Structure formats: structure tokens, C-alpha cells
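Notes to accompany the following structure.
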Amino acid sequence: SKRNKQKDEL
Amino acid sequence: MNIFRLTGDLAHLIAIIILLHKIWKSRSCAGISGKSQVLFALVYTTRYLDLVTSYVSIYNTFMKFVFLATSYATIYLIYVKFKATYDHNHDTFRIEFLILPSLALALLINHYFNFLEVLWTFSIYLESVAILPQLFMVSKTGEAESITSHYLFALGSYRALYILNWIYRYATEGHYDLIAIVAGVVQTVLYCDFFYLYITKVLKGKKLQLPA
């Protein structure tokens, strides 16, 4: 599974 | 941040302000779907739970607060302050048919399975269909006030601009999020017939008449 990329979008 | 996402966020903010201003000034929510506004509040609540745990930028935090505050303020105006003007008879879309499938899909298809991520995914799926009660209401009443159509145009444009943002980010950073992209395309496609009517009718000063 994809690593926890930070959610930087609204 | 890029120009597409910035203008997208601004279009989103403008849409919300247009709606809030219209209801406040006219002291009426006639023609507005309270159900869509409930769905939007649910979208922001489930998506911005990380508001206090993760910090991205002052802009990000500020906008999250604004979207949360304005969506609940809109619901307050519709269901409490001006509830006498709320059009129950035309706001009849069964939103459980949007919420439950979005939740089921979020449990099945997500980037990884944990509480915040599943809720984020749920908010992405729900947002793509959250406008349906409003579009349904406009088709039932057969028309929309021009200010409501400006609201819908701005709201529809925001996610269309986000699609350009995703293309730009893939081209420049190689970053993409397929869940957000697919849901964003579905969301934008739902506005297409409205966009057509808006451009061919409203911009020519005519009333927005949907084929009932």
C-alpha cells in the first residue's frame, strides 16, 4: 500500500 | 501549490460566499437544496478531521476552517433561521443513497485501511455526488435563479480546476492520487449539462430553464 503521503490539498 | 489549485480553491470559496450571501440578503433559501448543504458539511467534516493533528500551511488550515464554518452556517440559515422558506417539497433526493454507497466504496477501495484514510476516501466519493440533490431540485422546479446558477458554476469550476491541478502536479512532480482524480472527473462531469445551459443561457441574460 502507498506510504502515508501527506494530504496537502483541500 | 499551483495556479490551478489556487484558482480552484478561490472558485470554491466564491461559490460558498455567493450562496451564504444570497440566503442572508434575501432572507430566504428558496430554490436551495438543504440536503446538498448537509452533504457538503459531512464532506468537510470527514475530510478535515486532521485539522488539529497535521499542519500543512497557514493557508491550508485557514481554508479548512472557512469551509467548515461556512458550510455549517449555511445549514443553520436553511434549517433554523430561514426554515420557513425551505422548500421541502422540491428537496426530496434520498441522500442515504449517496452516503451509504460512498461509505461502502470507501471501505472497499482506499489507499490504505485506517480510520482517517477511510473517512478521507469517503469524503472524496461523497463530494463527487453531493451536488445531485441540488441539481435534482433545479430540474424539479424547472428553473434556477441566476444567483443560484452563478453559485453552481463556481462550485463546478472548482473541481474542474483541480483536474488541471492534478495534471500539472503529475507533469511536474510525478505525484497523483487516482481516487481523487476519478472522483473529481465524475464530479465535474455531473455539472456538464449545467455548464452548457449556463454558458448558452445565463450568460446571455436568460433564465436557467432545465428541461423538467
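If you're wondering where the values come from, they're calculated on a predicted model, not measured in any experiment. Each chain gets a letter, A, B and so on, in the order its sequence line appears, and its residues count up from 1. Basis for what follows: all heavy atoms, side chains included, without hydrogens, waters or symmetry-related copies.
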Minimum heavy-atom distance between B:Tyr48 and A:Leu10, given as atom pair plus value: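 Distance-wise, the nearest heavy atoms are OH-C, 3.5 Å.
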Testing the basics here: between A:Asp8 and B:Arg169, what is the closest heavy-atom pair and its distance to 0.1 Å?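 Taking every non-hydrogen atom into account, OD2-NH2, 2.8 Å.
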What part of [X] gets within 4.5 angstrom of chain A, counting heavy atoms only: side chain, backbone, both, or neither?
X	value
B:Asn165	side chain
B:Phe113	neither
B:Tyr162	side chain

Find the distance between CD (A:Gln6) and OH (B:Tyr55) and round it off to the nearest 0.5 Å.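 Between A:Gln6 CD and B:Tyr55 OH, I get 11.0 Å after rounding to 0.5 Å.
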Salt-bridge criterion met for A:Glu9 and B:Arg47 (N-O under 4.0 Å):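 B:Arg47 and A:Glu9: not salt-bridged.
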Could you check whether atom CZ of B:Phe65 has more than 12 heavy atoms from other residues, nucleotides or ligands sitting under 6.0 Å from it?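 No, because the 6.0 Å sphere around CZ of B:Phe65 holds 12 heavy atoms or fewer from other groups.
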Is it the case that over 12 heavy atoms from other parts of the model lie below 6.0 angstrom from the OH atom of B:Tyr59?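 For B:Tyr59, atom OH is crowded (more than 12 foreign heavy atoms under 6.0 Å).
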What residues of residues 9-37 of chain B sit under 4.5 Å from chain A when you count only heavy atoms?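 Hits under 4.5 Å: B:Asp9.
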Only pairs of heavy atoms separated by less than 4.5 Å count here; which of B:Arg5, B:Lys64, B:Met63 has the most with chain A?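 When all of B:Arg5, B:Lys64, B:Met63 are compared, B:Arg5 has the most.
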